[in-house]
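Predicted model, so just to flag it, every value in this text is computed and none were measured. We count residues from 1, following the sequence as given.
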Amino acid sequence: MSRRRPEHAPSRPTWRCRACGIAWPCSPAKLRLLGEYREARTDLLIYLAVCAAEAAEQLAGHHGDVPPAALYDRFVGWARPRG
């Protein structure tokens with residue numbers, strides 16, 4: 001019998017990865033998202049911006065205010081096209 005590993009998805013309201021426990025999106029989640037949205041980078045950026053807004057609300061209640069620039073870098077900045 002094989003155990004299924006948890007998906008690298010966010011655990012709300014902490015926004016830590018369910019699989020590895022680090023801040024989401026973790027590296028495996030980023031790779032998965034880039035693959036899923038390979039032909040739709042704008043859609044990926046919109047999805048990540050919505051996640052960042054949701055995280056800002058949820059983290060404010062648990063961890064005080066999180067600087068918007070930090071949330072941008074964490075959620076959206078890594079996914080912007082280079083060049």
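- Closest heavy-atom contact between Ala19 and Pro6: CB-O, 3.3 Å.
- Nearest approach of Arg82 to Gly77, heavy atoms of both residues: NH1-O, 3.9 Å.
- Ser11 meets the side chain to side chain contact (heavy atoms under 4.5 Å, CB included) test with Thr14, Arg18; sequence neighbours excluded.
- Under the side chain to side chain donor-acceptor pair (under 3.5 Å) criterion, the residue pairs touching residues 42-55 are Arg12-Glu54, Glu54-Gln58, with sequence neighbours excluded.
- Within the 4.5 Å cutoff, the side chain of Leu71 has heavy atoms near those of the Leu59 side chain.
- Take Leu34 and apply the side chain to side chain contact (heavy atoms under 4.5 Å, CB included) test, not counting sequence neighbours, and it matches Arg41, Leu44, Trp78.
- Inspection of the Arg32 and Tyr37 side chains reveals no N or O donor paired with an N or O acceptor under 3.5 Å.
- Contact detail for Gly21 and Arg16: the closest heavy-atom pair is O-NE, 2.9 Å.
- No side-chain heavy atom of Trp24 sits less than 4.5 Å from a side-chain heavy atom of Lys30.
- Remark: Ile46 CD1 to Cys51 SG distance equals 12.0 Å, nearest 0.5 Å.
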